[in-house]
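Accompanying notes for the structure given below.
As the structure lists them, so they are numbered: ligands from 1, and atoms in each ligand from 1.
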Amino acid sequence: MSQTYRLGVLDGDGIGPEIVPVAVRVATGALERAGAGVEWLPLPVGLAAIESHGAALPASTLRALETLDGWVLGPHDNMSYPPEHRTVLNPSGFLRKHFDLYANIRPARAFPGTRATATGIDLVVVRENTEGFYADRNMHAGTGEFMPSPDVAMSVSVFTRPAIECIARTAFELAMTRRRHVTIVHKANVLTLTTGLFRDVCREAAAAYPAALVDDFHIDALAAHLVRRPGDFDVVVAENMFGDILSDLAGELAGSLGLAPSINASDAVAMAQAVHGAAPDIAGKGVANPTAMVLSTAMLLDWLGRKHADESLVIAAKTMERAVEGVLALGIGTADLGGTLGTAAFGEALVGWMRDER
Ligand code: ATP
């Protein structure tokens with residue numbers, strides 16, 4: 001038995017309370033099989049936390065997170081919060097900033113048995129998570145958005161060499177474990193100084209990885225290339241907003257937003273979080289696809305296992321991925337995939353697949 005890790009469980013809003021428990025249940029099954037020990041700690045966040053603690057991210061939740069090895073965060077739905085709670089940075093943005101979770105790793109891979117538009121897609125968007133165009137989190141205090149008069153709105157973007165160096169290193173290190181190809185995203189013909197700095201610092205970082213193939217594209221051109229020839233891309237490194245948009249596109253090309261996982265990582269801690277949002281249109285109906293949350297939790301276990309050189313966590317993560325692949329390949333799925341199973345039943349199918357695997 002490896003050491004016991006402590007992971008937080010934050011259900012969040014919308015479909016969060018439906019998909020997060022499924023992810024924890026599937027992870028628990030995989031961890032038991034691999035002989036790995038994880039203690040799960042439920043913590044309030046989002047609308048439920050506003051109702052119970054008066055804040056979407058209570059101080060007690062934050063203090064508890066500071067003691068943990070990582071956590072699983074469900075989606076948040078700011079628009080469901082009372083107006084006075086909507087103006088503060090949302091829980092996910094706050095946590096990324098507070099814990100300096102500078103790298104948002106978002107794989108997009110087509111699974112056999114799903115209706116992927118791009119059957120050959122197998123790429124990872126590595127998104128800088130702390131600055132760039134997202135003005136709600138790129139300042140030390142306040143936000144980078146201003147409204148000098150009711151009819152004028154402005155925003156400030158921030159690009160810094162140290163943050164770009166960190167995300168570039170993450171992208172190249174990841175590429176070296178994959179097909180050794182890094183694509184840098186920018187718009188340096190228009191946003192010359194800001195996204196130009198992003199491109200140039202990423203290119204400088206490439207010097208330490210002579211075996212890597214490096215290219216760069218304007219964001220708009222890359223969007224077209226991703227649709228036309230998705231199989232040609234491996235690791236795509238982007239600033240905050242470009243990475244957010246491209247990973248939604250890549251996730252949908254891979255079959256469904258409901259399949260797109262991610263983690264947000266610093267050098268010390270990581271947070272599992274599906275790429276999709278709270279999906280209020282289907283919340284409470286028991287039909288949401290938990291796959292993205294399951295795969296995000298697997299990514300967290302894999303990240304933790306590699307950080308602590310603990311093979312049992314890496315094995316548990318791989319078991320979860322095989323279960324998803326195996327079940328989807330049988331044509332079993334939730335409604336977004338054209339299937340008939342509800343959220344919980346799909347989770348049970350994954351658990352059953354792991355039990356039956358020899
Ligand atoms: P955000 O800005 O937080 O990303 P959003 O409103 O842009 O949120 P989502 O909440 O991700 O977008 O929802 C987009 C669409 O995808 C919705 O129609 C939603 O029902 C669907 N969707 C998202 N996640 C899932 C899921 N896990 N299972 C099934 N459908 C989903």
> Are Y81 and H76 an aromatic pair by the rule of ring centers under 6.0 Å?
Replying inline: no
> Nearest protein heavy-atom contact for atom 17 (C) of ligand 1: which residue, which atom, what distance?
Replying inline: D281 OD2, 3.5 Å
> Taking N or O atoms only and a 3.5 Å limit, does G277 qualify as a polar contact for ligand 1?
Replying inline: yes
> What is the closest protein heavy atom to atom 10 (O) of ligand 1, and at what distance does it sit?
Replying inline: A279 N, 2.9 Å
> Given D151 and S149, is the side-chain hydrogen bond (donor to acceptor under 3.5 Å, both in side chains) satisfied, shown in steps?
Replying inline: CA-CA 5 Å; D151 300 320; S149 78; 5.3 Å; no
> By side-chain hydrogen bond (donor to acceptor under 3.5 Å, both in side chains), which residues pair with D216, not counting sequence neighbours?
Replying inline: H186, R203
> Among protein heavy atoms, which lies nearest atom 29 (C) of ligand 1, and at what distance?
Replying inline: I282 CD1, 3.5 Å
> Tell me, which protein residue and heavy-atom name are nearest atom 27 (N) of ligand 1, and how many Å apart are they?
Replying inline: N289 O, 2.9 Å
> Quick one: does ligand 1 sit under 4.0 Å from the side chain of I19, the backbone, both or neither, non-hydrogen atoms only?
Replying inline: neither
> So, does A278 sit close enough to ligand 1 that a heavy atom of it is under 4.0 Å from the ligand?
Replying inline: yes
> Can you tell me which residue and heavy atom of the protein come closest to atom 15 (C) of ligand 1, and the distance to 0.1 Å?
Replying inline: L257 CD1, 4.8 Å
>> If the condition is side-chain hydrogen bond (donor to acceptor under 3.5 Å, both in side chains), which residues does E204 pass it with, not counting sequence neighbours?
In response: R161
> Would the F99 and F94 ring centres measure less than 6.0 Å apart?
Replying inline: no
> Within the structure, does at least one protein heavy atom fall under 4.0 Å of atom 2 (O) of ligand 1?
Replying inline: no
>> Do V9 and L43 have side chains that approach each other closer than 4.5 Å (heavy atoms only, starting at C-beta)?
In response: no
